[in-house]
Amino acid sequence: MSRISWNQYFMSQSHLLAMRSTCTRLAVGATIVRDKRIIAGGYNGSIAGGVHCSDEGCYVIDNHCVRTIHAEMNALLQCAKFGVPTDGAEIYVTHFPCLQCCKALIQAGIKTVYYAVDYKNHPYAIELFQQANVKVEHVNLENTTFENKNKEKEAFVFELLDKLEKSQKSDEELQRLKKEAKALFS
């Protein structure tokens, strides 16, 4: 069995962190790494002990939820809280950082930003990263071992759909189910 790459390892950690998000609009995770060691992780959500968007709904002002602290900021604040230096570190984020997080990452001394999904990539954020000589790299999350069951589930669902199709004439409902199944596993 071959090991996954460092980029896949750290990006997987960020995706795992995103599963703790309490944001109902977009789940984001971030992992800060120095010398191939995880020094902090964060996900987007409310302040510690606060009301969560997943429980009470979002508190939106000017089309932005003001209750949520972004994953990158939570990871940086974790470092600040525990006295862990971030200068020269790297960050792995599930989504491209917003403009405010971009500025915070630069000020914290983050030297490389790896992200999995383009998300409202602000042109000024890109410009600021370039000005600060922060390397930005897109890293797709590849299928990892904890996702292997998805292939088995997909095969099972399509086997059932094929049997359904053979047992009756093709109809709109069957086509809708196939389309939904395909969307689930793509």
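Worth knowing before you read on, the calculation uses all heavy atoms, side chains too, and leaves out hydrogens, waters and symmetry mates.
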Taking the hydrophobic residues Ile, Leu, Val, Met, Phe, Trp and Tyr, and joining any pair whose side-chain heavy atoms are under 4.5 Å apart, which ones share a cluster with [X]?
{"X": "Val117", "result": "none"}
{"X": "Ile61", "result": "Tyr59, Val66"}
{"X": "Val60", "result": "none"}

Rounded to the nearest 0.5 Å, what's the gap from [atom1] on [X] to [atom2] on [Y]? Could you check?
{"X": "Asn44", "Y": "Thr68", "atom1": "CG", "atom2": "OG1", "result": "6.0 Å"}
{"X": "Asp55", "Y": "Ser46", "atom1": "CG", "atom2": "OG", "result": "8.5 Å"}
{"X": "Ile106", "Y": "Gln131", "atom1": "CD1", "atom2": "CD", "result": "8.0 Å"}
{"X": "Gln8", "Y": "Arg3", "atom1": "CD", "atom2": "CZ", "result": "14.0 Å"}
{"X": "Thr31", "Y": "Gln13", "atom1": "OG1", "atom2": "CD", "result": "6.0 Å"}
{"X": "Leu16", "Y": "Ser12", "atom1": "CG", "atom2": "OG", "result": "8.5 Å"}

Mutual orientation of the aromatic rings belonging to Tyr114 and Tyr92 [parallel < 30°, tilted 30-60°, perpendicular > 60°]: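 Aromatic pair Tyr114/Tyr92 classed parallel.
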Ring geometry between Tyr9 and Trp6 (parallel below 30°, tilted from 30 to 60°, perpendicular above 60°):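 Aromatic pair Trp6/Tyr9 classed perpendicular.
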Closest approach of [X] to [Y] (non-hydrogen atoms, all atoms of both residues):
{"X": "Ala108", "Y": "Thr86", "result": "O-OG1, 2.6 Å"}
{"X": "Leu105", "Y": "Pro97", "result": "CD1-CG, 4.0 Å"}
{"X": "Gly29", "Y": "Leu17", "result": "CA-CB, 4.2 Å"}
{"X": "Cys58", "Y": "Cys65", "result": "CB-SG, 3.9 Å"}
{"X": "His64", "Y": "His70", "result": "CE1-NE2, 3.5 Å"}
{"X": "Ser14", "Y": "Val93", "result": "OG-N, 4.2 Å"}

Side chain to side chain contact (heavy atoms under 4.5 Å, CB included) between Cys23 and Cys53, worked out: CA-CA 6 Å; Cys23 178; Cys53 296; 5.5 Å; no
Among residues at least two apart in sequence or on other chains, which ones pass side chain to side chain contact (heavy atoms under 4.5 Å, CB included) with [X]?
{"X": "Ile126", "value": "Phe96, Asn121, Gln130"}
{"X": "Ala27", "value": "Ala18, Ser21"}
{"X": "Lys81", "value": "none"}
{"X": "Val51", "value": "Glu56, Arg67"}

Under 3.5 Å: donor-acceptor pair, side chain of Gln78, backbone of Gly41: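 It does hold such a pair.
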Under 3.5 Å: donor-acceptor pair, side chain of His95, backbone of Ala116: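 Checked: no pair found.
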Using the rule that two of Ile, Leu, Val, Met, Phe, Trp, Tyr join whenever any of their side-chain heavy atoms come within less than 4.5 Å, decide whether [X] and [Y] are in one cluster.
{"X": "Val113", "Y": "Leu77", "value": "no"}
{"X": "Tyr115", "Y": "Leu99", "value": "yes"}
{"X": "Val28", "Y": "Tyr43", "value": "no"}
{"X": "Phe129", "Y": "Ile110", "value": "yes"}
{"X": "Met11", "Y": "Val136", "value": "no"}

All pairs passing salt bridge (Lys or Arg N to Asp or Glu O under 4.0 Å) where residues 108-135 contributes a residue, at least two apart: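 Found Lys135-Glu137.
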Residues two or more places apart in sequence or in another chain: which of them pass side chain to side chain donor-acceptor pair (under 3.5 Å) with [X]?
{"X": "Thr22", "result": "His52"}
{"X": "Gln107", "result": "none"}
{"X": "Thr94", "result": "none"}

With a 3.5 Å cut-off and sequence neighbours excluded, list the donor-acceptor pairs that the side chains of residues 32-40 form with protein atoms.
{"from": "Arg34", "atom 1": "NH1", "to": "Pro85", "atom 2": "O", "distance (Å)": "2.2"}

Arg25 atom CZ: more than 12 heavy-atom contacts under 6.0 Å: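 Counting neighbours around CZ of Arg25, more than 12 heavy atoms of other residues, nucleotides or ligands fall under 6.0 Å, so yes.
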